[in-house]
Amino acid sequence: MKPAFSVAVRALCEFTARGGDLDLRFTPAPSALEGMEGHAVVQKRREKAGGYEAELALSGRFQELQVRGRADGFDGVQQQLEEIKTYRGRLDGVRPHHRALHWAQARVYGHLLCQERGLERIKLALVYFQIGSAEETVLVEECSATELQAFFESLCARYLDWARSEAAHRQARDVAMAQLKFPMPAFRAGQRELSVAVYRTAHAGAGGRCLMAQAPTGIGKTLATIFPMLKSLAAVMTKGVSEADAAGLDKLFFLTAKGTGHGLALHALGQLQQALPRALSSATAPPVVPLRVLDMQARDKTCEHPDKACHGESCPLARGFFDRLPAARQQALQLPLWDAPALRTLALQHGICPYYLSQELARWADVVVADYHYYYDSAAMLYALALQQDWRVGVLVDEAHNLLERARSMYTASLSQFDLAQARQAATGAVKKALDALQRQWQALNKAQDQAHYQSYESIPGALLGAVQRAVGAIADQLAEQETGGHVAAVGQHALADDALLGFYWELLHFQALADQFGPHALFDIQRPQPLGRAGRPGGLSSTLCIRNVVPAPHLAARHAAAQASVLFSGTLNPPGFYRDLLGLPVDTAWLDVPAPFAARQLQVHIARHISTRWRDREASLAPMADLIAQQYARHPGNYLCFVSSFEYLQQVAATVERRHPQLPLWQQQRGMDEAGRAEFLARFVEGGQGLGLAVLGGAFSEGVDLPGSRLIGAFVATLGLPQLNPVNEAMQRAMDQAMGVGLGYDYTYLYPGLRKVVQAAGRVIRSEHDSGVLVLMDDRFARAEVRALLPAWWHIEGPCRDFRKA
């Protein structure tokens with residue numbers, strides 16, 4: 001009979017055999033390549049002596065559970081099965097919970113081999129291979145087949161209980177999702193079209209498919225995308241569709257760039273959970289929760305002890321984490337929502353860390369709401385789990401226009417010469433020599449660049465990369481040899497440390513990783529300070545080296561391919577080719593442009609052709625802008641927003657309005673506004689209010705802000721939003737020409753990103769089918785055909801400004 005469940009040896013042991021403290025103190029680990037090479041070295045040593053079998057495929061069964069895996073090696077002469085592990089530095093740097101996991105794997109493999117070959121006893125060996133010295137430490141225990149069988153069956157029994165529970169949950173979830181009804185009385189205009197397209201994308205076939213959907217604000221994009229994806233969790237058998245293609249999704253990842261999208265997703269999921277069939281959502285003992293929703297919060301928002309390091313000797317919530325995790329995980333199954341407050345309460349009841357509890361629960365959630373970086377970053381947890389567990393995932397990318405800049409930042413790495421100087425002060429011995437060598441290479445680049453403050457290059461100098469590589473190796477070896485101090489709690493690249501050397505080490509690692517993938521999609525550039533002092537001499541000797549991502553496509557393409565369905569949606573994804581090219585979407589990506597449910601009469605759009613906001617015309621633009629704003633306000637007093645290109649320009653506009661029209665109520669966005677300041681700014685926009693808010697285009701108030709009705713009756717946009725003309729953007733334009741085709745560089749670098757911000761800001765005015773308002777585009781360039789073609793089709797651009805309420 002075919003087994004009902006199957007699990008890999010490593011996954012079985014990770015679930016059942018981990019114990020002790022959570023310990024995330026920094027230990028330099030071998031790379032994946034170094035690990036494979038270390039395994040090969042040990043295996044070749046054994047093979048020379050004869051009678052050694054490497055990479056044994058083993059499997060066994062307990063009741064309806066099939067366990068499979070590949071043991072590193074078996075010495076037939078000594079009757080010894082080996083589990084090989086590579087490490088750096090000191091062997092006592094291998095944490096106890098890792099050591100327990102290693103022994104568990106060896107014992108499971110030992111049982112499988114005894115069962116396969118009829119052995120009564122066997123030696124088990126953990127072979128720890130030191131990457132730097134190539135020395136082996138071999139820890140051996142001898143076990144009887146009976147002992148190993150008992151150990152194996154105890155792990156399998158615990159895992160099988162959970163697997164059966166998970167299978168029952170999956171069955172109940174799929175039944176619930178198949179019966180799920182849309183939670184609103186009816187679809188809004190455009191919602192049904194969007195939902196159907198998302199559902200078809202999720203069932204497009206074994207290879208998966210991508211969809212880009214542009215849909216206007218106000219139609220309920222979040223609900224319209226989540227609903228069909230939840231329906232797609234259940235298998236759908238239809239005529240002519242294979243069993244593999246009809247299989248339901250395992251997980252849904254809803255990815256956001258900002259907190260507003262995060263909250264909207266949780267609200268929509270709450271509505272859908274309430275719409276689940278009564279029989280499934282009614283109170284039972286224990287209660288049935290057919291849909292597990294995990295709210296993945298950032299570590300700095302959920303850490304209970306930010307002053308402590310993440311290990312048992314420092315943080316009480318790390319002490320005994322893995323011992324208490326199973327009970328907390330079991331109790332979590334009874335919660336209707338795994339949001340931050342609920343997980344905090346649960347975690348503290350069990351004395352464990354809320355943040356790392358949420359990381360563990362990601363494996364068992366049906367829906368995960370998280371930031372972009374959890375799936376798209378180079379060290380993305382959700383992406384790694386999807387590959388490791390072979391999940392069929394659906395990915396929803398909210399406000400997908402933001403993914404471009406976020407992905408660029410994920411795959412950009414910079415090194416500061418000031419940070420190098422700080423690290424050199426903290427270094428000694430071989431590390432100091434390696435960093436001094438890096439400094440010499442760096443200074444040679446500064447000298448070659450002479451007086452230029454910015455220069456981009458087609459390649460990264462080989463001598464510099466060699467110096468970076470040697471510095472990485474020297475620091476890794478030194479850190480591995482040291483006893484890790486309690487002041488360091490490393491979590492990937494986000495290490496908490498006041499150690500300048502360790503901080504610079506993480507920067508070097510990131511730089512080195514991106515250097516290995518360097519190509520036409522990126523720039524290597526050097527920036528030096530602006531000249532200070534006499535004769536235009538450079539102000540200081542420091543510079544910044546940067547591998548600057550221009551086209552994220554090569555990094556993101558694998559993420560799209562790993563998903564069964566990827567849906568990127570936004571109110572502004574025009575032109576679609578721009579986002580498809582830069583975000584690495586396949587050429588057959590479907591495109592949906594949902595018509596706006598708004599009528600042209602709702603928004604009067606005017607172009608002030610007599611105003612130019614070009615840099616050379618800024619001073620001359622101030623008076624006519626202030627007068628135009630005052631004229632519109634006089635026609636119809638109410639709340640308006642005016643968007644300009646920079647804080648400096650904002651202050652000039654504000655001063656001009658206050659001088660020429662002091663009767664006009666005015667409030668301004670400030671640099672570095674905190675959350676309270678932003679809330680105070682928006683609180684001025686009350687129903688029936690009157691006044692003008694000045695804000696920077698592309699900032700906190702130009703998207704994700706909802707001011708319906710008379711809270712906002714109009715907007716002025718005094719810029720095309722074009723990125724600043726500077727050496728960095730000019731270099732990006734040249735790189736874009738090279739990567740995308742000559743002639744596209746300007747549009748891809750300046751025009752499309754700029755007008756996207758304009759449309760987003762204008763979208764603050766009309767939020768529903770009942771709103772009406774005015775939009776004044778204050779720059780003559782808005783009248784150009786190539787610019788107007790990129791504006792929303794439903795806008796009807798009229799003549800001179802007039803009272804839209806009397807139209």
Side-chain angles (χ1 to χ4, degrees), residues 174 177-178 180 190-215 221-256 265 366-368 370 372 374-376 380 382-383 385-387 389-401 403-404 407 551-571 573-594:
D174 289 358
M177 295 306 104
L180 180 64
Q191 265 189 326
R192 182 183 294 277
E193 184 180 0
L194 178 56
S195 287
V196 169
V198 172
Y199 186 81
R200 287 176 176 167
T201 300
H203 292 279
R209 193 180 177 194
C210 296
L211 167 68
M212 291 172 56
Q214 179 172 265
K221 295 189 290 290
T222 302
L223 190 58
T225 53
I226 291 177
F227 172 68
M229 278 292 194
L230 292 185
K231 298 289 290 182
S232 300
L233 292 174
V236 179
M237 294 302 297
T238 56
K239 188 176 181 180
V241 177
S242 69
E243 183 177 348
D245 289 347
L249 299 177
D250 297 312
K251 308 279 180 182
L252 168 59
F253 299 153
F254 189 99
L255 307 175
T256 74
D366 300 307
V367 183
V368 180
Y372 290 164
Y374 280 98
Y375 190 76
Y376 289 112
L382 293 178
Y383 172 67
L385 280 174
L387 293 183
Q389 304 295 330
D390 197 26
W391 288 334
R392 291 167 57 89
V393 299
V395 177
L396 292 176
V397 184
D398 178 43
E399 298 296 349
H401 61 272
L403 181 58
L404 174 56
V551 181
H555 301 289
L556 302 185
R559 269 68 176 162
H560 304 315
Q564 171 64 19
S566 292
V567 177
L568 290 78
F569 62 97
S570 169
L573 286 178
N574 192 39
F578 167 72
Y579 291 98
R580 186 187 63 240
D581 292 346
L582 296 189
L583 296 180
L585 292 159
V587 293
D588 63 349
T589 295
W591 165 251
L592 175 66
D593 190 0
V594 178

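Computed over heavy atoms, backbone and side chain alike; hydrogens, waters and symmetry mates excluded.
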* **Asn574 vs Asp593 side-chain heavy atoms within contact, under 4.5 Å** => no
* Donor-acceptor pair, Tyr375 side chain versus Arg559 backbone, under 3.5 Å? -> yes
* From CE (Met212) to OG (Ser570), nearest 0.5 Å -> 9.0 Å
* **Check: Leu404 and Leu583 side chains under 4.5 Å, non-hydrogen atoms** => yes
* Whether Gln214 side chain and Leu573 backbone form a donor-acceptor pair below 3.5 Å -> yes
* **Under 3.5 Å: donor-acceptor pair, side chain of Ser195, backbone of Ala224** => yes
* Asked: What pair of heavy atoms forms the shortest contact from Ala563 to Val395, and how long is it?
  -> CB-CG2, 3.8 Å
* Structure fact -> d(Met177 CE, Leu252 CG) to nearest 0.5 Å is 10.5 Å
* **Leu194 to Ala213 - nearest heavy-atom pair and separation** => CD1-CB, 3.6 Å
* Where do Ala202 and Ala565 come nearest, in terms of heavy atoms and distance? -> CA-CB, 3.6 Å
* Applying side chain to side chain contact (heavy atoms under 4.5 Å, CB included), run through Leu230 and Val367 and close with a yes or a no. => CA-CA 9 Å; Leu230 292 185; Val367 183; 3.7 Å; yes
* So, does Lys251 use its side chain to make a donor-acceptor pair with the main chain of Arg392 at under 3.5 Å? -> no
* To do: Begin with the C-alpha distance, continue with both residues' side-chain angles, and end with the deciding distance and a verdict on side chain to side chain contact (heavy atoms under 4.5 Å, CB included) for Asp398 and Phe569.
  => CA-CA 6 Å; Asp398 178 43; Phe569 62 97; 3.4 Å; yes
* If you measure from CG on Leu223 to CD on Gln191, what distance do you get to the nearest 0.5 Å? -> 6.0 Å
* Asked: How about Val198 and Phe227: do any of their side-chain heavy atoms sit closer than 4.5 Å?
  -> no
* Leu585 CG to Arg209 CZ distance, which is reported to the nearest 0.5 Å -> 12.5 Å
* Mind listing the closest non-hydrogen atom pair of Glu399 and Gly571 along with its distance? => OE1-N, 4.4 Å
* **Atom of Pro554, atom of Val551 and distance for their closest heavy-atom approach** => CD-O, 3.2 Å
* Asked: About how many Å separate OH of Tyr383 and CG of Leu556, when rounded to the nearest 0.5 Å?
  -> 10.5 Å
* To do: Indicate the ring-plane relationship of Tyr372 and Tyr376, choosing parallel, tilted or perpendicular according to the 30° and 60° boundaries.
  => perpendicular
* Validation row: Tyr374, Val368 side chains within 4.5 angstrom (heavy atoms) -> no
* Structure fact -> Here the pair of heavy atoms bringing Cys210 nearest to His560 is SG-CB, 4.1 Å
* With rounding to the nearest 0.5 Å, note down the distance linking CG in Leu396 to OG1 in Thr256. => 11.5 Å
* Asked: Backbone N or O of Leu180 within a donor-acceptor pair of the Lys231 side chain at under 3.5 Å?
  -> yes
* To do: Would you check if Trp391 and Leu382 make a side-chain contact, meaning some heavy-atom pair closer than 4.5 Å?
  => no
* Side chains of Tyr579 and Leu568: does their closest heavy-atom pair fall under 4.5 Å? -> no
